[in-house]
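Before any comments, here is the structure.
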Amino acid sequence: MSTINLEKELDTYFGYQAFRPGQREIIEDAMLGNDVLGVLPTGSGKSICYQLPAMLLKGVTVVVSPLISLMMDQVKQLKAINIKDVVAINSFMNTKERREIWNTIHRYKLIYISPELLQRPDVQRKLKHVGVDLFVVDEAHCISQWGHEFRPDYLKLKKIITFLDHPTVLALSATATTNVQQDILSYLNKPNMKKHIYPVDKPNITFNVEHLSGDKEKQEKIVSLLKAYYVPTIIYFSSRLEAENISALLSLQTDRRVAFYHGGMESQDRIIIQQQFMNGQLDAICCTSAFGMGINKKDLRLIIHYHLTPQLEAYIQEVGRAGRDNKSSVGLLLFSEGDIFLPKNIIKGELPTKNEITTVFRQLKTMYDQGQSLPTTDQEKLAVFQVSESKWRFLQYQFEKHDILKENNVIIYDSQLWKEAFLAISNRCEERLIKKDKQLQSVINWIYHTGCLRKKLYQDFQPSYTEAVDQCCSNCGFSWSDWQPEQLTHKIEKTYSWEEKLKKLLLVDVQ
DNA sequence: TTAGGGTTAGGGTTAGGGTTATTGCCGGTGCCGATCT
């Protein structure tokens, strides 16, 4: 290791002359075999932290990634700089392609994969056989943010790490509060990870909270802002329907090019909208939290929240997408009385009630008594157990954890053990609800805070923060009339011929 | 016109066919140190 000249290798593989802050430290640790938690601001080149070691290490580097689109982007970028021995394995491939990849898996140095696919025993065996040197968890805050309810496979990564004979573990994130960091360490079962934490605050973002009377005022506000500022804008909603409706309204009442984006859309449509926004063919996006991860648009100037985020972490993440070019940007949160009920209901709908837990226990007992297996498809399971998909996933994880369920079979019935499991699972739900309520409450507290919003927002997240470059926040005297962002120049909509319109529709550049 | 009810994000995965996983040997290559010119 000491003989490796990292700068030289960085240049050879990636064509960069020097490391950015944090990269070298993380890479050196990873190469020495130390488990590392790296928290680096977005756009600081996190991926180099594992891509370079992947090239230099003898064995394979596995990267756990939360989104297929992120995996594909990375692979595309690497292939573009002539690094060919990388692959993303996911459901976009057909079985033939997949088999081919697995049969030649030893040829790859860098393998991107989802936590779900990693759960499959055959996948685990193949990876073990080929020898994993470095196990990377990209966007590691997903462990804490999604693992507990939405994607429990994130909580099972530690088992895989053990099965793979403890390769070096590298967890990377752009937003990990002290609590999230703790979650990452404990759920990866690596309490002694070396931490490389860098501040993620953005001195060029002005924080602005406006208290309004209701939806009508919110909409008028957005319309007036879009008319006043010709800048790339994201408007976040907690409702798909609302995002669609406001998108239509804005298209009608302003001359901006607006579209909506949420998880309920066809993936093809989502890709198109994202591309158009990145290319500057759209001015504003009305979206849910589905939009954002992996979006690297440097000149985002305005991030509006029409609804509350459930946690301050999420707010920091979403608003932090503004101003990556370090130019003056604004985060605006629109709040009206009663807004708290929507996130409250979403939180409530995510975890099973005591009654639901009881019903599922009864159902499992019946199946055990009759020697039945659980239904194979998710749909049948939901019908049998009478709970929503996310509730079932949470429960399934809990039952497996308590050794009641294994691969669709109830493996044991013991009244004492079941009683204990019931209590433990109910308590766990309670705990999670309390925690989530607390997180939501801290968002509300922030909104009603009368002191500096920047200070209040960052105080729990990092020891210190940089003072605002421009204007600080709405409690420190911000006024819209003072905000003079760099506006887009091609303000006047060109008139297009029908050929040009067609080309535009087909996404061909008509400049 | 008003009161009141309903309001609800986030992503991955998906079957069925014929060859699996492991070990040893052989040949080529790159690195390093010793030796020779």
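Letters A, B, ... mirror the listed sequences (proteins, then strands); counts begin at 1. All values below come from the heavy atoms of this structure, side chains included, with hydrogens, waters and symmetry mates left out.
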If you draw a 6.0 Å radius around [atom1] in [X], do more than 12 non-hydrogen atoms from other residues or ligands fall strictly inside?
{"X": "A:Lys128", "atom1": "NZ", "answer": "yes"}
{"X": "A:Glu380", "atom1": "CD", "answer": "yes"}
{"X": "A:Gln370", "atom1": "CD", "answer": "yes"}
{"X": "A:Lys84", "atom1": "NZ", "answer": "yes"}

Rounded interatomic separation in angstrom, taking [atom1] from [X] and [atom2] from [N]:
{"X": "A:Glu389", "N": "B:dT14", "atom1": "CD", "atom2": "P", "answer": "15 Å"}
{"X": "A:Gln317", "N": "B:dA9", "atom1": "CD", "atom2": "C1'", "answer": "13 Å"}
{"X": "A:Lys128", "N": "B:dA21", "atom1": "NZ", "atom2": "C1'", "answer": "14 Å"}
{"X": "A:Gln379", "N": "B:dT13", "atom1": "CD", "atom2": "C1'", "answer": "14 Å"}
{"X": "A:Arg270", "N": "B:dA9", "atom1": "CZ", "atom2": "P", "answer": "13 Å"}
{"X": "A:Asp339", "N": "B:dA9", "atom1": "CG", "atom2": "P", "answer": "15 Å"}
{"X": "A:Arg99", "N": "B:dT19", "atom1": "CZ", "atom2": "P", "answer": "7 Å"}
{"X": "A:Glu244", "N": "B:dT7", "atom1": "CD", "atom2": "P", "answer": "16 Å"}

- Cation-aromatic face contact A:Lys156/A:Tyr397, 6.0 Å, 45 degrees: no
Base, sugar-phosphate or nothing for [X]? Non-hydrogen atoms, less than 4.0 Å.
{"X": "A:Arg120", "answer": "sugar-phosphate"}
{"X": "A:Gly263", "answer": "sugar-phosphate"}
{"X": "A:Arg125", "answer": "nothing"}
{"X": "A:Glu318", "answer": "nothing"}
{"X": "A:Glu350", "answer": "base"}
{"X": "A:Leu342", "answer": "sugar-phosphate"}

- Query: If every non-hydrogen atom of A:Leu374 is compared with every non-hydrogen atom of A:Met367, which pair is closest and at what distance?
  - Reply: CA-CE, 4.0 Å
- Which atom of A:Leu118 lies closest to which atom of A:Val64, heavy atoms considered: CD1-CG2, 3.5 Å
Interface with DNA chain B, restricted to [range] and to heavy atoms under 4.0 Å:
{"range": "residues 145-153 of chain A", "answer": "A:Trp146, A:Phe150, A:Arg151"}
{"range": "residues 86-96 of chain A", "answer": "A:Asn90, A:Ser91"}
{"range": "residues 52-69 of chain A", "answer": "A:Pro66, A:Leu67, A:Ile68"}

Would you say the rings of [Y] and [X] are close, in the sense that their centroids are separated by under 6.0 Å?
{"X": "A:His449", "Y": "A:Phe207", "answer": "no"}
{"X": "A:His148", "Y": "A:Phe394", "answer": "no"}
{"X": "A:Phe260", "Y": "A:Phe237", "answer": "no"}

- Message: Angle between ring planes, A:Tyr236 versus A:His305, binned at 30° and 60°: parallel, tilted or perpendicular?
- Response: parallel
- Between A:Trp392 and A:Phe399, what is the ring plane arrangement, given parallel below 30°, perpendicular above 60°, and tilted in between? tilted
For residues 345-352 of chain A, which side-chain N or O atoms pair as donor and acceptor with protein atoms under 3.5 Å away, sequence neighbours left out?
| unit_1 | atom_1 | unit_2 | atom_2 | d |
| --- | --- | --- | --- | --- |
| A:Asn345 | ND2 | A:Phe341 | O | 3.4 |
| A:Glu350 | OE1 | A:Lys436 | NZ | 2.8 |

- Is the distance from OP1 or OP2 of B:dT8 to the nearest side-chain N or O of A:Ser239 less than 4.0 Å? yes
- Does a side-chain N or O from A:Arg98 land closer than 4.0 Å to OP1 or OP2 of B:dT14, or not? yes
- Item | Residue whose nearest DNA chain B nucleotide is more 5′ - A:Asp378 or A:Pro310 | A:Pro310
- 5'-most contact on DNA chain B (nearest-nucleotide basis), A:Lys126 vs A:Phe291, goes to A:Phe291
- Message: Can you build the contact string for nucleotides 24-30 of chain B? Use B for base contact, S for sugar-phosphate-only contact, and - for no protein heavy atom under 4.0 Å.
- Response: -------
Is [X] reaching over with its side chain to a backbone N or O of [Y], donor-acceptor style, under 3.5 angstrom?
{"X": "A:Gln253", "Y": "A:Leu250", "answer": "no"}
{"X": "A:Asn94", "Y": "A:Lys96", "answer": "yes"}
{"X": "A:Ser144", "Y": "A:Cys142", "answer": "no"}

- Task: Assess the side chains of A:Asn408 and A:Lys381: does a donor N or O sit below 3.5 Å from an acceptor N or O?
- Result: yes
- Message: Pairing donors with acceptors under 3.5 angstrom, does anything connect the side chains of A:Asn445 and A:Gln441?
- Response: yes
- Query: What distance, rounded to whole Å, do you find between the two P atoms, one in B:dG6 and one in B:dG10?
  - Reply: 23 Å
Give every pair of a protein N or O atom and an N or O atom of nucleotides 1-6 of chain B that lie under 3.5 Å apart, one pair per line with the distance.
none

